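Quick note: residue numbers are just sequence positions, from 1. All values below were derived from every heavy atom in this structure, side-chain atoms included, with hydrogens, water molecules and symmetry-related copies excluded. Since we're looking at a predicted model, the values are computed, not measured.
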Amino acid sequence: MRKIKWLVIVIAITLMLSGVAYAGWTEKIELNFNTKTAYTEFSILDVQEDELDVDASMQGQVTIRAEELEQGEEASADIIFVNKSSIPINLDRIAISNVGGYESNNKHNIYIDIRAYANGNLIFNESENVNYWNSNGSVHRKNSLKEIPVGSTVTIKVTVRFESKAGDNGKKNGKGQGKKDVFDNVTFILRPEYSRFNQDSI
């Protein structure tokens with residue numbers, strides 16, 4: 001009888017210890033999992049407007065408007081993004097969408113220039129008319145992959161230009177009258193697309 005009691009006590013102690021060990025093991029597994037979880041976030045830090053109207057109310061993208069832009073003039077803005085991720089990222093492309101608001105007969109004369117700088121390096125550079133942007137809709141990276149470190153910024157410089165049409169040099173006509181001023185509008189959405197930085201892909 002005494003042996004049976006001792007056996008029961010030993011079994012009870014063994015079960016208690018195994019339970020404590022299991023709890024400690026599962027807690028360690030959960031802790032390791034949480035510490036290895038990464039997240040990505042590329043947010044708007046600042047907007048510096050020069051004649052362009054920039055709406056940055058939507059997270060991760062901006063709506064840009066050029067209103068009453070006169071032929072022969074341009075308007076610009078700098079949109080500064082910051083990498084708030086827990087890991088470095090790649091800026092894969094800059095998507096341009098919903099291009100509109102302009103007169104169809106000016107579609108080959110209104111240009112959107114997109115340049116992006118990271119760590120002082122030019123990583124995107126594209127200048128095309130609005131007709132092109134409606135057909136293609138994005139600026140792909142021209143250079144090799146560039147790491148955007150955590151906390152680092154990318155400045156996207158946007159310029160909208162309304163160029164004069166061929167043969168329209170602004171000189172007075174035969175009646176001594178100057179050319180009529182031409183104005184137009186354009187609006188579009190700009191959204192940077194990014195991914196986790198992959199050192200092996202360089």
Side-chain angles (χ1 to χ4, degrees), residues 40-85 89-143 146-165 168 170 179-195:
T40 58
E41 181 182 348
F42 196 50
S43 304
I44 299 168
L45 178 65
D46 190 23
V47 175
Q48 300 170 3
E49 301 177 0
D50 184 8
E51 301 299 328
L52 280 182
D53 179 27
V54 180
D55 180 0
S57 59
M58 294 292 291
Q59 179 64 28
Q61 69 179 38
V62 293
T63 301
I64 299 175
R65 298 181 183 88
E67 298 182 347
E68 294 296 312
L69 188 64
E70 186 176 0
Q71 193 172 39
E73 293 186 344
E74 65 181 40
S76 61
D78 290 358
I79 302 102
I80 303 172
F81 288 82
V82 59
N83 180 16
K84 289 187 175 181
S85 311
I89 62 171
N90 290 321
L91 184 56
D92 299 320
R93 69 175 189 149
I94 300 173
I96 306 295
S97 61
N98 297 72
V99 183
Y102 55 89
E103 298 290 337
S104 60
N105 60 327
N106 292 325
K107 64 183 179 181
H108 296 295
N109 298 90
I110 300 176
Y111 283 76
I112 300 175
D113 304 339
I114 304 294
R115 295 179 178 85
Y117 297 85
N119 302 322
N121 299 314
L122 179 65
I123 57 175
F124 288 92
N125 185 12
E126 193 76 58
S127 175
E128 299 291 348
N129 60 45
V130 290
N131 187 58
Y132 170 91
W133 291 118
N134 265 327
S135 302
N136 295 275
S138 66
V139 185
H140 292 276
R141 185 188 301 103
K142 298 297 184 181
N143 302 332
K146 297 292 185 181
E147 177 183 2
I148 312 299
V150 176
S152 184
T153 60
V154 173
T155 299
I156 300 177
K157 303 179 75 68
V158 181
T159 302
V160 178
R161 298 180 287 115
F162 189 4
E163 294 192 347
S164 300
K165 296 181 180 179
D168 187 0
K179 73 178 182 64
K180 181 181 178 180
D181 292 336
V182 179
F183 297 87
D184 209 340
N185 309 309
V186 64
T187 180
F188 57 95
I189 294 174
L190 181 149
R191 183 183 70 258
E193 297 183 354
Y194 56 94
S195 60

Practice problem: Output the distance between atom OG (Ser152) and atom CG (Leu91), rounded to the nearest 0.5 Å. | Solution: 11.0 Å
Quiz prompt | Test log, rule side chain to side chain contact (heavy atoms under 4.5 Å, CB included), inputs Arg65 and Asp55 | solution = CA-CA 8 Å; Arg65 298 181 183 88; Asp55 180 0; 4.2 Å; yes
Quiz item: What distance separates Asn119 CG from Thr153 OG1, expressed to the nearest 0.5 Å?
Solution: 7.5 Å
Quiz prompt | Residue pair Thr40 / Tyr194, side-chain heavy-atom distance below 4.5 Å | solution = yes
Quiz item: Of Val158, Ile94, Asn125, which is the lone residue that meets side-chain contact (heavy atoms from CB on, under 4.5 Å) with Arg115?
Solution: Asn125
Quiz item: Got a second to check how far Tyr117's OH is from Ile80's CD1, nearest 0.5 Å?
Solution: 13.0 Å
Quiz item: If you round to the nearest 0.5 Å, how far is OG of Ser195 from CZ of Arg93?
Solution: 12.0 Å
Quiz prompt | Sub-4.5 Å side-chain heavy-atom contact between Met58 and Thr63 | solution = no
Exercise. Could you pull out the closest heavy-atom pair between Ile89 and Phe42, with the gap in Å?
Key: CD1-CD1, 3.6 Å
Quiz prompt | Minimum heavy-atom distance between Pro192 and Gly60, given as atom pair plus value | solution = CD-O, 3.4 Å
Practice problem: May I ask you to test the Glu193-Ser138 pair for a side-chain heavy-atom distance under 4.5 Å? | Solution: no
Exercise. Take Ser97 and Gln61 through the test side chain to side chain contact (heavy atoms under 4.5 Å, CB included) and record every step on the way to the result.
Key: CA-CA 11 Å; Ser97 61; Gln61 69 179 38; over 6 Å; no
Self-check item: Euclidean distance, Asn129 CG relative to Tyr102 OH, rounded to 0.5 Å
Solution: 8.5 Å
Practice problem: Report the C-alpha distance between Ile114 and Trp133 in whole Å, list the side-chain angles of each, state the deciding distance to 0.1 Å, and finish with yes or no for side chain to side chain contact (heavy atoms under 4.5 Å, CB included). | Solution: CA-CA 11 Å; Ile114 304 294; Trp133 291 118; 4.2 Å; yes
Practice problem: Return the set of residues passing ring-ring contact (aromatic ring centres under 6.0 Å, His included) with Phe188 (not counting sequence neighbours), or none when no residue passes. | Solution: none
Practice problem: Output the distance between atom CZ (Phe162) and atom CZ (Phe183), rounded to the nearest 0.5 Å. | Solution: 9.5 Å
Exercise. Would you check if the side chain of Thr187 reaches a backbone N or O of Ile64 as a donor-acceptor pair within less than 3.5 Å?
Key: yes
Quiz item: If you draw a 6.0 Å radius around CD in Glu163, do more than 12 non-hydrogen atoms from other residues or ligands fall strictly inside?
Solution: yes
Quiz item: Donor-acceptor pair, Glu49 side chain versus Val54 backbone, under 3.5 Å?
Solution: yes
Quiz item: Looking at Ser85 and Val150, what are the two nearest heavy atoms and their distance?
Solution: O-CG1, 3.2 Å
Self-check item: Closest non-hydrogen atom pair, Asn185 against Ile110
Solution: O-CD1, 4.5 Å
Quiz item: Tell me, do Lys157 and Ser76 make a side-chain contact under 4.5 Å, heavy atoms counted?
Solution: no
Practice problem: Over all heavy atoms of both residues, which pair between Ile44 and Ala56 is shortest? Give the atoms and the distance, please. | Solution: CD1-CB, 3.8 Å
Quiz item: If we ignore angles and hydrogens, is there a donor and acceptor under 3.5 Å between the side chains of Thr155 and Asp78?
Solution: no
Exercise. Quick one: closest heavy-atom pair of Leu52 and Ala77, and the distance?
Key: CD1-N, 3.8 Å
Practice problem: Just do the side chain to side chain contact (heavy atoms under 4.5 Å, CB included) check on Asp184 and Asn109 with the steps written out, would you? | Solution: CA-CA 10 Å; Asp184 209 340; Asn109 298 90; over 6 Å; no
